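Beneath this line is the structure, given in structure tokens, with notes to follow.
One-based numbering, in listed order, for ligands and for the atoms of each. Just the heavy atoms: all of them, side chains too, but no hydrogens, waters or symmetry mates, feed the values below. These numbers were taken from a predicted model, which means no experiment stands behind them.
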Amino acid sequence: MNERVGFVGLGIMGQGMARNLLKAGYNVRVWNRTSSRMDPLIEAGAAAGASPADVAANCDIIAVCVSDTPDVEEVILGENGILSGVQAGALVIDFSTISPQATIDIADRLGAKGVKMLDAPVSGGSEGAVNGTLSIMIGGDEDQVERARGLFEAMGNTITHVGKQGAGQTVKLVNQILVVGNCLAMCEALIFAQAGGVDLERCLNAVTGGAAGSWMLANRGPQIIDRDWRPGFTINLQQKDVRLIMQEADALGVPVLLSGQVFSLYRTLQQAGLGEEGNHALVKALENLSGLQVG
Ligand code: NAP
């Protein structure tokens, strides 16, 4: 609790996560590229950082939650990045979902300066970030996981040390195969229900609690019926994760049939300008194929 905590990247996820650290009593210094996104956290008691380097210079543990691999590289290794301000002995925790191999390379660069890193991607959506109920999958050294356990517990309720550096990101991609699989199944099922002429709300009530239930169905099924495309997780970010799955599967030499289909379906929606809608808008790609509209 005495360690000073920094938080870089206050998007949909970072906002809720940083707020939960403040609620748990941590001293938090924040930075976000679009500075207005820092305001609600400053109001809640956080200090304003001037840059990732400034956050790193003033903190013992620095959390990062930005979009993609090049973005993590930019805020850690780039100009005014964490690496240029951080002190030996500090710990960087990356909560973003990025490439497992790039994670290992970034950790090596930090390690050369005596700085530790954990990859700690999360699952549980914007709801999990706000409520402090994220699943956190962590790669890196055991002693650093224990060092940061209080922070993890402030943000999540399933905290699993899954292996060495990069293993957190690999497990997150396992998670994403399951997420997009569940999403595609949900969308296909709702098109089928629509075609079958059943009441969609009653249909969801009937199947959500049984063997076919999933987080995706319980949380995003009702949104589809309401045609509410507000994102917990955007199509653009979901597509980034599917791309990471395909790249990693290629390197590992394993087929990923379902993920490949979802990649193509999301591509059609991105081309139609829908990339900032929620990932459950995948149903629109199936609507285009079937000529039906759900809801
Ligand atoms: P988001 O709302 O789009 O926010 C992205 C954040 O990253 C913003 O703070 C953005 O700054 C910052 N950023 C992006 N590129 C940057 C760069 N080059 N330099 C500095 N800052 C940069 O995304 P999110 O939903 O919070 O997702 C963040 C990470 O969590 C992603 O890796 C995502 O895959 C992962 N994740 C998301 C969810 C979810 O349900 N949303 C769930 C699990 C994991 P600006 O404000 O300036 O744009």
Please identify which atoms of ligand 1 are closer than 4.0 Å to at least one heavy atom of [X].
X: G9; result: 9 (O)
X: S126; result: 40 (O)
X: D71; result: 15 (N), 16 (C), 17 (C), 18 (N)
X: G232; result: 39 (C), 40 (O), 41 (N)
X: S96; result: 32 (O)
X: K240; result: 31 (C), 32 (O), 33 (C), 34 (O)
X: G125; result: 40 (O)
X: V75; result: 19 (N), 20 (C)

Charged N-O contact under 4.0 Å between [X] and [Y]:
X: D68; Y: R243; answer: yes
X: E287; Y: K284; answer: no
X: E277; Y: R227; answer: no

Taking 4.0 Å as the limit for heavy-atom contacts, which would you say applies to [X] with ligand 1: side chain only, backbone only, both, or neither?
X: R33; answer: both
X: L10; answer: backbone
X: K172; answer: side chain
X: T97; answer: both
X: P70; answer: neither

To the nearest 0.1 Å, how far is [atom] from its closest protein heavy atom, and which atom is that?
atom: atom 45 (P) of ligand 1; value: T34 OG1, 3.4 Å
atom: atom 26 (O) of ligand 1; value: M13 N, 2.8 Å
atom: atom 43 (C) of ligand 1; value: V122 O, 3.2 Å
atom: atom 27 (O) of ligand 1; value: L237 CD1, 3.6 Å
atom: atom 46 (O) of ligand 1; value: R37 NH1, 2.7 Å
atom: atom 32 (O) of ligand 1; value: S67 O, 2.8 Å
atom: atom 12 (C) of ligand 1; value: V66 CG1, 3.7 Å
atom: atom 4 (O) of ligand 1; value: G11 CA, 3.3 Å

Discussion item. Within the 3.5 Å criterion, strictly below it, is a donor on N236 or T234 matched to an acceptor on the partner's side chain?
Written reply: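 No, T234 and N236 have no side-chain donor paired with an acceptor closer than 3.5 Å.
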
Discussion item. Less than 3.5 Å apart, any donor N or O on the side chain of N205 or E201 sitting next to an acceptor on the other?
Written reply: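 On atom types as modelled, these side chains do not qualify, holding no pair under 3.5 Å.
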
Worksheet item: Are there more than 12 heavy atoms of other residues, nucleotides or ligands under 6.0 Å from atom CD of E153?
Response: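 Atom CD in E153 is crowded, with more than 12 foreign heavy atoms closer than 6.0 Å.
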
Worksheet item: Does NZ belonging to K113 count more than 12 external heavy atoms closer than 6.0 Å?
Response: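 Counting neighbours around NZ of K113, more than 12 heavy atoms of other residues, nucleotides or ligands fall under 6.0 Å, so yes.
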
Worksheet entry | Criterion side-chain contact (heavy atoms from CB on, under 4.5 Å) against L244, the qualifying member of K240, E248, M246 |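 By the side-chain contact (heavy atoms from CB on, under 4.5 Å) criterion, L244 pairs with just one of K240, E248, M246: K240.
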
Practice prompt. Measure the acute angle between the ring planes of F152 and F95, then classify it against the limits of 30° and 60° as parallel, tilted or perpendicular.
Written response: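 Correct class here is perpendicular.
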
Discussion item. Checking L204 against L190 for the side chain to side chain contact (heavy atoms under 4.5 Å, CB included) test, could you report, in this order, the C-alpha distance in whole Å, the side-chain angles of both residues, the deciding distance, and whether it holds?
Written reply: CA-CA 9 Å; L204 278 189; L190 284 172; 4.2 Å; yes

Worksheet entry | Side chain to side chain, I106 and I98, heavy atoms closer than 4.5 Å |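 In contact.
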
Worksheet item: Looking only at heavy atoms, what is the nearest atom pair of G168 and P121, with distance?
Response: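 Smallest heavy-atom distance, with atoms named: O-CG, 3.3 Å.
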
Worksheet item: Are the side chain of Q169 and the backbone of S96 linked by a donor-acceptor contact shorter than 3.5 Å?
Response: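 Such a contact is found between Q169 side chain and S96 backbone.
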
Item to complete: Could you check which of V8, I12, I98, V179 puts a non-hydrogen atom nearest to atom 1 (P) of ligand 1?
Response: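 Selected option, by shortest heavy-atom distance: I12.
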
